[in-house]
Structures are given as structure tokens and as C-alpha cells.
Enquirer: 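Questions regarding the structure given below will be posed in turn.
Each chain gets a letter, A, B and so on, in the order the sequences are listed, and its residues count up from 1.
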Protein chains: 2
Amino acid sequence: MNALSFPYGTRGEQRAGDPVSSTPTVYDVAERSGVSIATVSRVYRNPDSVREATREKVLAAARDLGYVPSGNARGLASRSTGVLGLCFPDYSDPDTESEAAAADADDDHAFMLYSDQIIRGMERAARRHGYALLIAASLSGGPESLVAKVAGRVDGFAVLARTVPTEDLEVISRRLPVVMLAGPRDPDGPDHLDHIEVANADGQRALTRHLIEDHGLRRLAFVGGVEDSPDAQARFDGYAAARQEAGLSVPRAPDVRPELMTQAEGARAVEALLDRAGAELPEGILFANDQMAIGALHALERRGLRVPEDVAVTGFDGIPLGRLVRPALTTVRQPMRRLGEEAVDLLVHRLGSSGTAAEPESRVLPVDVVRRESCGCGDVAG
Amino acid sequence: MNALSFPYGTRGEQRAGDPVSSTPTVYDVAERSGVSIATVSRVYRNPDSVREATREKVLAAARDLGYVPSGNARGLASRSTGVLGLCFPDYSDPDTESEAAAADADDDHAFMLYSDQIIRGMERAARRHGYALLIAASLSGGPESLVAKVAGRVDGFAVLARTVPTEDLEVISRRLPVVMLAGPRDPDGPDHLDHIEVANADGQRALTRHLIEDHGLRRLAFVGGVEDSPDAQARFDGYAAARQEAGLSVPRAPDVRPELMTQAEGARAVEALLDRAGAELPEGILFANDQMAIGALHALERRGLRVPEDVAVTGFDGIPLGRLVRPALTTVRQPMRRLGEEAVDLLVHRLGSSGTAAEPESRVLPVDVVRRESCGCGDVAG
DNA sequence: TTGAAAGCGCTAACAT
DNA sequence: ATGTTAGCGCTTTCAA
């Protein structure tokens, strides 16, 4: 810019036609093209409101100068960013990344994570609506957390799972639309957020019923999720419901409840189950997610047990890796891409004049049971 | 501040303790906590520079008010956004999306695209450096294009492939660092951009040599890429080089040059090749990317030709789908995630005081030949 | 169709 | 440790 001993450069001096000045602004373009800054602005925001000749002049000057409109200034002046955001959990936990996963996904991370698919869905949908997408893995809280950063830079955003304290989100959602990609923490004491979730309970119930009715299994075990995962809880509820419907004993809690929902933990859960069971091996083990189920597949193989002959195994999520393992994993597939799309739709709707003050909304997306080999189904396409 | 009867609401009136005012600002927080706006700012930017008691007061007020710092205002005042960007091609072309791909990737888009992996790599790397990532599929040009939007909202960004006219990028790169995820358009007339590319020629040459030396193939055909793809060109060059080294005739152009590099086009290319060849079937067909090779696999199967017995097939890229098709596809794997990481490193470096004025840099990342079944190698892990 | 000027919400001197 | 204040670069009335 210019060398002053003052805080900032002054406009007056900057205008003194120095062509080498870096980061040109509307003022530079205006001067060079002999119009006012308002006209420069118009050229970008509403080209048709400027006479063609003028417009060309301005554009030419902008080119010469290397002018790029500052998104920040624009956003500040117009109170909108044209950007939607997504905060997702940092799934690169060491356990998943190095230990267990590395063995399977030998192409370095060739396969999509849950969050990748949602990113894709959101990006596509956002683009359709003219928005760009800002993504950030959410870490810890604190005043200067990533969420805050995202929140300050977007017109609205989605939060994957319960990555961020609901409390913080409620504060933020007073300022801009926030949609949570998970169910409400407490269905009865509603937060004021929009939610989009998948039919966890229904899916798990359907899958459980499949095991019971179609494969005739009765001795089942359920490996749950981490303590505070409502998804995992809902899945367990679905499992329990199916048992009840079939006249089996109704458990009050999962047979095993791992610390993490990783492959390593899945393997560990199997060991625990086998040690505990003695001769009374379960005929089927249902896992609250695919990662654990896949870990279990390996553990069972190491123990010399055949899947599904000796024991059936199922997961939940429908991650691509589940198609590749042998036997291919029977699971419940979540419509992740749609999750992202719905999130964008909801945000865009809230951003439109219409949805501003409407009631919080909770959408539940349907899931599919995917029958593969690990439950005893043949080589059915999945 | 001052009470004027002009366009916008005045701070003075807003300060009149109205707690219901929407989108609270530093002024609101400052007033409510009895400090100056500077102190509020400090609490967020440099908490330690504020006495604990004060900080708490401010944070409490912010909570009550639902205050979220405006990224725009911050960025404007501090001339930085804390965001890095990525523009990538809109790969959801109808052809790939519906026709050919749908048949294989039957999980809807269960498998990663080229761009997904780069996004992942960049996001991870950006996070390590404290940046968020803004992503946008780049469309056409024009003053108000998406690139411009991205450019205005980030501290620096990467452009995947030649998505954006180099011309535009050069303009933009006068204002902020831009790294192109592709080689320079013209190696001799250098643009002023940083580039990161993969060793296309080397990789294709190594693969070709493998076919010639290890499998003893001599009658080879190369299916190139679109006219203006330097990647595809470099791959062809590598192919030609390997032929030369082996004492085979050196072609001046690919045997087939499709319009698009899709599965459908790959299939079409095979048909063309077979029709043309008559009895003189090639022993091996090398494709400039995996998509086409996979399409070719299907086409060959339809024609009753066995791979690799009748004809070997290879691709380039190393997309996950290549592992799943039968026979599994021999290919050259690009380190896509690293591409993203290197991009971020480069950008961050440029943003640091050090790299500002340095010469444009061009990095070339090494690639791996992945030997699977489609070239005649056994069931080697890949 | 164009210009003039206030103000968007924050940061960063500088002063205290 | 905290307050004052001048911008950051744009959009947007309002007036011409």
C-alpha cells in the first residue's frame, strides 16, 4: 500500500495512481476507470444497471489492476456470505487411522468416511443454490473454537453428530440457522435447533427381525456404542424392540458397550463375548456400527470361527469397506449423501424469508437393510 | 458512536440496552459487560491479555446475548480469513453420474472421486495449520464466477486441474497465493503460479515397461485423453518413451482419443480399436485413466474377450473402484491425498513472511505402479 | 445511469 | 490491563 507511520493508509494517498500498490480496491478500480466506487460495485453486483461502455471500462481496469472483490468487505456490508458450513467430528483418531484401519484400507484412505459423503452431498446441494461450502473438523470448545470460526463466516451451517455442545449451538443459532445432523439430545426437552437424523431404531429393528425370522437365529448379542451416543442408543432400542416382537427376552442394555466404536474395539468386544459365553456362543452378533463389525470379523477369523456358519455378524452405516471385507458385511445403510442435501435444503429454506421464524424441524430419513454374506444371505448384491 | 438520521441504524440508538436486538456486536457485548469494545475484541483474540475477571464478564455477556464474532468484520480489519480454498471441476457430469458409473458404483457414490481425496488431504493439512477449508466446484468464468467468490474469501487457494483459465488465475494470484494442482500449461512460458503435479509420464512409462518386459507384450495400444489434457498428454509421452526404450515403434499420437474420459468413452474406444484392428488384436490396451479402463473391461467382456488372457488392460489414477472390478485393474496410483497436503503446505508457506516473494515453485509427486490382475499379474495385493 | 457518503463489525495502533 | 479511534473495502440509500 503506502508507507505511513500511521495505523492505516489513507484513501487519499492511495489514490495517487500508484499502479504497483498491492491488493487493489474499488477505489483503485474506480479511479483508473474514471467512475465512482458505487459504479464499480454495481458492475459486480448488478451489471445490467450500468451502461455497457462504463462496464467494460471498469472491467478492463479491474483486469489491469488484478482486482478481486473482498469477500469480507462484501459480507460485512451486505450481511451475508454466500457460504454454508459444515462442522464434522475429527475422525482421524489414531486408533482408526493407524492400528486397525490401516490393515484393511490399504490404499491410503481410499474409502470414504461417513463425513466425506456428507461433504459431497452438501457441496452438491449448496452449489445448486449458489453457495460454497466451508468445512472444518470440530475440535474442542472454547471461545475461539473452530465452530465459532465457521459460524462467523457462513450464512448457516450444519453440525455432524453431536460434535459441538448443544449449549453453544443454541447460542449460535440465535444468530444464524444451524441444523444438527443427529437427533435431538432429549426428545422431550427440545432444543431450538433443526435436526436431521436417520431412522436408527427402525433400521436396526428391521435388521434384527431379518436375523430372527429369515435366518432363524435366536441367541443374539448386541454390541452397543459409546455411552452418550443417541444413535447407538436408538439402534439398541430397535434391536430390543425386534426381540420383544419375536418373543425373545428383552435386554435392558447392550451385551457389550465399547469405549470407542472402532475396529479394534469391535475385535475386543468379540473376545469379551466369547470369553464370557463359554459354550453358549451367540448365533449372531449385531454391532452398532460397521467399523466394529469389521474388527469383529477379523477377531472371529483369528479364533477360528466361521462367519456366518458359526456366527452371523451385522453392522450399521453401510460404509464402502463393508462391501470389500470377506464375508461381505450385512448392514443398515444410511443415506449419507441425502443427509447432506437435506441439510442444505433446510438451511436455504431458513435463509429464505419464509423459514426464518418457523418452528424447529426434525426430519428422519429412512434407511435400508443391506443383506450380504455375513448374516448368512447368499452373495446378494448390496 | 454518533446519532445521525442517515441510512443505517446508529450505534447510539442500538446501544440503548435493547436486549432483543438481533445479531449482537462487540458494542452490545461491551456495553453489557461494562468494558470497551477493544477489550471484547481482546477476549477473543488474545484472552491472556485480559484480566480473568474481566474476561469472564465479557464471555458471560456474550453468552447472554448470543454473540458470535463476525468473520467478515474480522477479516476485513485484519486482512486475513483463516480460510484456505479449493476449486475443483464439477465431475458430476451426466455421463459419469448416470449411465456408466451407476452400473458399477451401485452404492450411490460410495466411492471416492479424485476430488474427494484431495479435499480430505487439504482439510486435514489445513486443520493442522489452523485453517478451515472452503470448497467449491468451479463452473464457468465471468466476473462473478465461483472462483472469484472463493478468491475473495480465502487467504489462498488451490485449483484442481485446469479448471480455471490460467489468465484469471494470474490476475488473482497477484492478490493472494494460488497453487495449481496440475503442471504448468506451457513448461517454457511459465505462468507465475505454483504447481503441484504428479509424475504422469514416469508412471505411465514404468507401467508400459512392465507390460513389455514382465509380460512380454509387444502389440500395445494407448487410449489417450481429451485434447487439452496435459496430464493425458504426459501419460502418452511416458507410454511413447517406454516403447522407444524397448525398441518398438514410437507413435506420434494415442491410438484413440476420446471426447471424455468416462467409462462409456472407454467402452467406445475399445469397440473402435477392435473394429479397426481386425485380426490383429492388441495384446494390451493402456488407458489414460481408470474410468475408461473400467468401461473397457465391460466392453471386452461383452465381446467375449478375456482379460488379461486375450488382452491386458491398464488404467491410471488408482481409484478405489479399480480394486473392485474383475479382473482388478492394474493402474498407476496418484497420491491424491498428498497432493492436497502439499498444496496446503505450499500455501501456508507463501502466506508466511518467508515465501511471499519467492519464485514460483513446481513440485512433482511420485506415483506407484499398482499391479493387479488386469495386466496378467496374479492376485497381488494392491 | 451515476455519484456521494454513511456504515457494516471488527482490529490494531496509540495512549493511558 | 483497558480505552479511543481510525480505518479495513465494500453495499446501499439518497440525490442528481
Enquirer: Do the charged groups of A:R63 and B:D168 touch, with an N to O distance under 4.0 Å?
Expert: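 Yes, this pair counts.
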Enquirer: Go through D:dC10, C:dA12, D:dA1 for me and flag the one nearest to the B:A38 side chain.
Expert: C:dA12
Enquirer: If each of B:R175 and B:E52 is mapped to the nucleotide of DNA chain D with the nearest heavy atom, which maps nearer the 5' terminus, i.e. the 5' end?
Expert: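 Nearest-nucleotide comparison on DNA chain D picks B:E52.
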Enquirer: Taking only residues two or more places apart in sequence or in another chain, which ones pass salt bridge (charged side-chain N to carboxylate O under 4.0 Å, His left out) with A:E361?
Expert: A:R363
Enquirer: Hey, are B:E341 and B:R337 close enough for a salt bridge, meaning a charged N less than 4.0 Å from a carboxylate O?
Expert: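 Answer for the salt bridge query: yes.
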Enquirer: Check the distance between C:dT11's P and B:R79's CZ and give it to me in whole angstrom.
Expert: 13 Å
Enquirer: Compare the minimum distances between each of C:dC10, D:dT12, D:dT4 and the side chain of A:R45, then state the nucleotide with the smallest one.
Expert: D:dT12
Enquirer: Figure out the CG/P separation between B:L65 and C:dG9, and round it to whole Å.
Expert: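 Those two atoms, CG and P, are 13 Å apart.
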Enquirer: Starting from P on D:dG9, measure out to CD on A:E31 and report it in whole angstrom.
Expert: 15 Å
Enquirer: Which value, rounded to the nearest 0.5 Å, describes the distance between B:T81 atom OG1 and B:Y131 atom OH?
Expert: 7.5 Å
Enquirer: Looking at the base of D:dG3, is there any donor atom on it, or on the side chain of B:R42, that sits under 3.5 Å from an acceptor on the other one?
Expert: yes
Enquirer: With a 4.0 Å cut-off on N to O distance, would you call A:E170 and A:R174 a salt bridge?
Expert: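 No salt bridge links A:E170 with A:R174.
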Enquirer: How do A:V68 and B:T54 order along DNA chain D: which one's closest nucleotide is nearer the 5' end?
Expert: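 Upstream on the strand: B:T54.
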Enquirer: Provide, to the nearest angstrom, the distance between the NZ atom belonging to A:K149 and the P atom belonging to C:dT11.
Expert: 13 Å
Enquirer: If you compare every side-chain N and O of B:R74 against the phosphate oxygens of C:dT11 (OP1, OP2), does one of them come in below 4.0 Å?
Expert: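 So the side-chain polar atoms of B:R74 do come within 4.0 Å of the phosphate oxygens OP1 or OP2 of C:dT11, strictly under.
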Enquirer: Regarding A:V35, tell me which of base, sugar-phosphate or nothing describes its non-hydrogen contacts under 4.0 Å with the strands shown.
Expert: sugar-phosphate
Enquirer: Provide, to the nearest angstrom, the distance between the CD1 atom belonging to B:I37 and the P atom belonging to D:dT5.
Expert: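 Between P of D:dT5 and CD1 of B:I37: 10 Å.
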Enquirer: Side chain of B:V26: nearest nucleotide among C:dC8, C:dG9, D:dT11?
Expert: C:dG9
Enquirer: Can you figure out which of C:dC8, C:dC10, D:dT2 approaches the side chain of B:V50 most closely?
Expert: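 The closest nucleotide is D:dT2.
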Enquirer: For the side chain of B:S70, counting heavy atoms from C-beta on, which of D:dT2, C:dG9, D:dC10 is nearest?
Expert: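 Out of D:dT2, C:dG9, D:dC10, the nucleotide with an atom closest to B:S70's side chain is C:dG9.
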Enquirer: Respond yes when some side-chain nitrogen or oxygen of A:T39 is under 4.0 Å from OP1 or OP2 of C:dG3, and no when none is.
Expert: yes
Enquirer: Which of these nucleotides, D:dG3, D:dT12, C:dT11, is closest to any side-chain atom of B:S78?
Expert: C:dT11
Enquirer: Has B:Y67 got a side-chain N or O lying under 4.0 Å from the OP1 or OP2 atom of C:dC10?
Expert: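 Looking at the OP1 and OP2 atoms of C:dC10, one of them is under 4.0 Å from a side-chain N or O of B:Y67.
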Enquirer: Which residue pairs satisfy the side chain to side chain donor-acceptor pair (under 3.5 Å) criterion with at least one member in residues 47-58 of chain A, sequence neighbours excluded?
Expert: none
Enquirer: Look at all strands and tell whether A:S41 reaches a base, only sugar-phosphate, or nothing, counting heavy atoms closer than 4.0 Å.
Expert: base
Enquirer: Can you tell me how far P of C:dA6 sits from CG of B:L76, to the nearest Å?
Expert: 18 Å
Enquirer: Return the value, rounded to whole Å, for the distance between atom CG of B:N46 and atom C1' of C:dC10.
Expert: 16 Å
Enquirer: What is the distance, rounded to the nearest whole Å, between atom OH of B:Y44 and atom C1' of D:dT2?
Expert: 17 Å
